[in-house]
Structures are given as C-alpha cells and as structure tokens.
Engineer: 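Take a look at this one; I'll ask things after.
As the structure is a computational prediction, the values presented were derived from the model and not from experiment. Each ligand, and each atom within it, is numbered from 1 in the order the structure gives.
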Amino acid sequence: MLSVCVFASGRGSNFQALLDQIDQGKVDAQVVLVISNKSSAGALEIARKRGIPALHISDVHFSSTQEYVERLLALLQEHGVGLIVLAGYLKMVPSEVITRYRHRIINIHPALLPSFGGKGLYGHFVHEAVLAYGCKVSGATVHIVDIEYDTGPPIVQKCVPVHDDDTPDTLAVRVLQVEHEILPQVVHLFAQNRVVVSGHHVRILPERREEI
Ligand code: GRF
C-alpha cells in the first residue's frame, strides 16, 4: 500500500479530507507521517489524535541546512514514504528532497495554475488576486512539485465559478470544496500507479480492470 507523508502548515482540512477518503476506502493509501514547520498547525493535532507520527520540524531547529535535509530524508526513508503531499505547506521543500522524491511530491494550490501562483500567492492572497483581476472562474490545481513555487506540471485541475458578489472568503470556501475532492483523488491515482510524468506533461493512465 502507498505510504504518504503529509507536509502542512495550517489547519489541515485537506489532510482531514484525505483521511476521510482513506477511511471510506476510496483512497488506497495510508498516511504514515505528518510534518509541519508550525508547532500550532491543526494538521499535527489531527494526526496525533489518530496516532499518526506528527513532527514539528523547521530548518531553524538545525545548525545547518545539511543537517535539516538529512533529518528529513532519514525520516522519509524510515517511514517508507512513497509519496509526499504538500497540503497547505508554506515552506519551500529542500531541493535535495525534491530530487530524491522526483515526481513523487504533489501540492494543492487554490487557483488554476499557471495563473495566480508563485511566491507570495498563497491562501487568501490568491483569492484576492483572482477577484481583483475580475476572473469569472477559479479553481484548484494539484501539481507535481519541482524546485520553483507552483511551476510543476498539473495533474488534476477543477474549476469553480466566481460570483459577482464574492469576497475572498466566499470564494475560498468554494475552492476549498474542490481541493478536498481532487487532492485525495490524485493520491489514489498515485496509489494505483496511474500518474506518468514526461517533461511538463502528466498523463493519467486508464483504470485497470480486474481480470475475471
Ligand atoms: C488551502 O487553500 C491550500 O490550497 C493552500 O492552503 C490552504 C490549506 O488549507 N495552499 P488546509 O490547511 O488544508 O485547511
């Protein structure tokens, strides 16, 4: 079974959505480790309540970047992690980790990339920018993580309408609903080995039917 490590900085609703889908048997994976750069992250609390190892790890706890990277890599290996899910993780993942887990790290972004992505565009800033531009649609993107912010190839994207009377908060609620749908969906695709990355393109292989 696919072993997942979730990196999260915030309340952890995407992590919770993933756990819910796993519980319902819709995602054939297990979360074996949660890492947060914030000690107060809700995601850590959710994990601890379920007995999932949950660690507060930040580069500032280490005397060098190398030590930090080595600790991360050791933990990922110890827990047999096959997929890293960034679910509202607001820190850059070290490039050594990205290289080691090439095409095995995914991120959820609350907009339709490549629009409204990149450094500084996270959380409510994204929704403010979408509304300021006057967009008629927004949505969420799950993409492969590479060494820049939000530039890796999209795996699944889903749209939502933008309403004339939307505020960043009302739009965020609508987008979050689709985040909660597509993030677990993509984890399941990885669990089924159906994600193929070539260059900047991701192909989703068709579901394999059981032989009768
Ligand atoms: C989500 O909107 C995600 O797309 C963004 O941060 C938010 C995290 O929410 N990057 P949660 O912590 O999963 O509730």
Engineer: Can a non-hydrogen atom of G123 be found less than 4.0 Å from any atom of ligand 1?
Structural biologist: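 No; G123 lies far enough from ligand 1 that no heavy-atom distance drops under 4.0 Å.
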
Engineer: For ligand 1, which atoms, with element, lie under 4.0 Å from some heavy atom of E179?
Structural biologist: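 Once the distances to E179 are compared, the set is 1 (C), 2 (O), 3 (C), 4 (O).
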
Engineer: Is it the case that over 12 heavy atoms from other parts of the model lie below 6.0 angstrom from the CZ atom of R194?
Structural biologist: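 Yes, CZ of R194 has more than 12 neighbouring heavy atoms, counting only those of other groups under 6.0 Å.
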
Engineer: Which heavy atom of the protein is the closest neighbour of atom 12 (O) of ligand 1, given with residue, atom name and distance?
Structural biologist: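 The closest one turns out to be G12 N, 2.9 Å.
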
Engineer: Against heavy atoms of G88, which atoms of ligand 1 measure under 4.0 Å?
Structural biologist: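 By the 4.0 Å cutoff, the relevant atoms are 6 (O), 8 (C), 10 (N).
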
Engineer: For Q24, I'd like to know if atom CD has over 12 heavy atoms of other residues, nucleotides or ligands within 6.0 Å.
Structural biologist: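 Result for CD/Q24: enclosed.
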
Engineer: With a cut-off of 4.0 Å, which atoms of ligand 1 are near a heavy atom of I108?
Structural biologist: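 Those qualifying, in numeric order: 4 (O), 10 (N).
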
Engineer: Tell me whether Y122 at atom OH has more than 12 heavy atoms from other residues, nucleotides or ligands lying less than 6.0 Å away.
Structural biologist: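 Incorrect, the count does not exceed 12.
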
Engineer: To check your reading of the model: name the closest protein heavy atom to atom 9 (O) of ligand 1, its residue, and the distance in Å.
Structural biologist: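 Heavy-atom neighbour on the protein nearest atom 9 (O) of ligand 1: R11 NH2, 3.3 Å.
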
Engineer: Give the single entry among S9, S13, A87 that approaches atom 14 (O) of ligand 1 most closely by any heavy atom.
Structural biologist: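 Ranked by closest heavy atom to atom 14 (O) of ligand 1, first place is S13.
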
Engineer: Side chains of E70 and Q66: donor-acceptor distance under 3.5 Å anywhere?
Structural biologist: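 Checked: E70/Q66 side chains pair up, N/O donor to acceptor below 3.5 Å.
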
Engineer: Can you tell me which residue among V186, D150, V202 is in a side-chain contact (heavy atoms from CB on, under 4.5 Å) with H143?
Structural biologist: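 Exactly one pass, corresponding to D150.
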
Engineer: Indicate yes or no: does E45 engage K49 in a salt bridge with an N to O separation below 4.0 Å.
Structural biologist: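 Here E45 pairs with K49 in a salt bridge, since their nearest N and O are under 4.0 Å apart.
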
